[in-house]
Amino acid sequence: VRVGDEVTILTRPEHLHIEPNNTGKDSANALQIPATVTDSLYLGSVMHVDVDCQGVMLKASISAKATSNLAAGDAVTVHIPIEHCRVLPS
């Protein structure tokens with residue numbers, strides 16, 4: 001893969017971190033993508049959260065303790081740690 005090539009990034013749902021936009025967290029070691037929550041499901045210790053990242057749908061599986069209740073329409077930032085990204089040519 002060369003600079004400028006189109007790529008596909010793969011990661012597992014449990015490696016996504018979702019933060020409300022007002023937290024001010026920043027990370028040099030993660031991709032950060034603005035998103036909107038489209039659905040969330042509380043499952044005890046885990047929440048499954050669907051987000052729309054500028055037309056790309058992602059599914060996250062996050063610790064229910066690590067986040068406040070997320071609801072459809074909430075503006076969030078999705079953090080994807082670079083160590084959990086796999087890059088493939090598109």
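All heavy atoms count here, side chains included; hydrogens, waters and symmetry mates do not.
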[X] side, atom [atom1]; [Y] side, atom [atom2] - distance, nearest 0.5 Å:
X: Leu16; Y: His84; atom1: CG; atom2: NE2; value: 10.0 Å
X: Gln54; Y: Met57; atom1: CD; atom2: CE; value: 12.5 Å
X: Leu31; Y: Ile9; atom1: CG; atom2: CD1; value: 5.0 Å
X: Gln32; Y: Ile80; atom1: CD; atom2: CD1; value: 10.0 Å
X: Leu43; Y: Ser61; atom1: CG; atom2: OG; value: 8.0 Å

Please give me the minimum heavy-atom distance between [X] and [Y], naming the atom from each residue.
X: Leu70; Y: Ser40; result: O-OG, 2.5 Å
X: Leu58; Y: Cys53; result: CD1-SG, 3.5 Å
X: Ala64; Y: Gly44; result: CB-O, 3.4 Å
X: Val51; Y: Thr38; result: N-OG1, 4.0 Å
X: Lys59; Y: Pro13; result: O-CB, 3.3 Å

| task | For the pair Leu41 and Asp39, evaluate side-chain contact (heavy atoms from CB on, under 4.5 Å) and give the outcome as yes or no after the intermediate values. | result | CA-CA 7 Å; Leu41 179 62; Asp39 194 20; 5.7 Å; no
Answer yes if [X] and [Y] sit in the same cluster of Ile, Leu, Val, Met, Phe, Trp and Tyr residues linked by side chain heavy atoms under 4.5 Å apart, and no otherwise.
X: Leu88; Y: Val1; result: no
X: Leu10; Y: Ile33; result: no
X: Ile18; Y: Tyr42; result: yes

| field | Side-chain heavy atoms of Val37 within contact of Val49, under 4.5 Å | value | yes
| remark: The single option from Met47, His48, His15 that satisfies side-chain contact (heavy atoms from CB on, under 4.5 Å) with Ile62 is Met47
| request: Give a yes or no answer on whether the side chain of Ser63 reaches the backbone of Val46 with a donor-acceptor pair at less than 3.5 Å. | output: no
| said: Does atom CD (Glu6) have a neighbourhood of more than 12 heavy atoms from anything else shown, all under 6.0 Å? | reply: no
